[in-house]
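For reference, the structure discussed in these notes is given below.
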Amino acid sequence: MYRSQLHSTNGDPWGDDEASDDKSDSSLRTDKPSPATETRKDVPIDVPSPVLLASSMVLAIASTGSIFELSGGSPVMGFIPSLALSVVGIPLCLFLFYAAIRKGIVETEEDDKKFQQNNRF
């Protein structure tokens, strides 16, 4: 098998020069995380906040409807699907609402930083 000599600095045909590997690795490393990485750490789900909020609202309406159907005695979708939607839907709705608020805060902070950078005197 043939190996390329593109990464070798001292003429080693196999490219096993440890010093050149250390140089290239250290030049590519940065101590500061990228803004995308920082954003992902602060939010539970990396989806735009309006999408999270809309899905939370739809799920809340469906779950509330299922609870009313169950309390009415004869659910249209059947007992098991209505119960599953109610049991899974309410906690998931609350989580999506929380994620929408957290993501909205992060998006607002990012927009404020961009605005402040563009409007310096």
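Positions are given from 1 along the sequence.
Contact of the Ser66 side chain with the Met77 side chain is registered, since non-hydrogen atoms from C-beta on lie closer than 4.5 Å.
In this structure, Ser82 and Gly78 approach most closely via the heavy-atom pair OG-O, 2.9 Å. Across all their heavy atoms, Cys93 and Ala60 have their closest contact at SG-CB, 3.3 Å.
With hydrophobic clusters built from ILVMFWY side chains whose heavy atoms lie under 4.5 angstrom apart, Val47 shares a cluster with Leu96. By the rule that hydrophobic residues join a cluster once side-chain heavy atoms approach within less than 4.5 Å of another member, Leu59 and Leu52 end up as members of one cluster. Hydrophobic clustering (side-chain heavy atoms under 4.5 Å, transitive across Ile, Leu, Val, Met, Phe, Trp, Tyr) keeps Ile61 apart from Ile67. Using a 4.5 Å cut-off between side-chain heavy atoms of Ile, Leu, Val, Met, Phe, Trp and Tyr, with links allowed through other members, Val87 and Phe79 fall into the same hydrophobic cluster.
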Tell me, with the steps shown, if Asp46 and Lys103 meet side chain to side chain contact (heavy atoms under 4.5 Å, CB included).
-> CA-CA 8 Å; Asp46 194 23; Lys103 181 66 177 181; 2.8 Å; yes
Trace of the side chain to side chain contact (heavy atoms under 4.5 Å, CB included) decision for Val43 with Ile105 = CA-CA 9 Å; Val43 294; Ile105 291 170; over 6 Å; no
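The distance from atom CG of Leu85 to atom CD1 of Ile80, rounded to the nearest 0.5 Å, is 13.0 Å. Distance check: Phe95 CZ to Ser56 OG gives 10.5 Å after rounding to the nearest 0.5 Å. With rounding to the nearest 0.5 Å, the separation of CD in Glu109 from CD in Glu107 is 11.0 Å.
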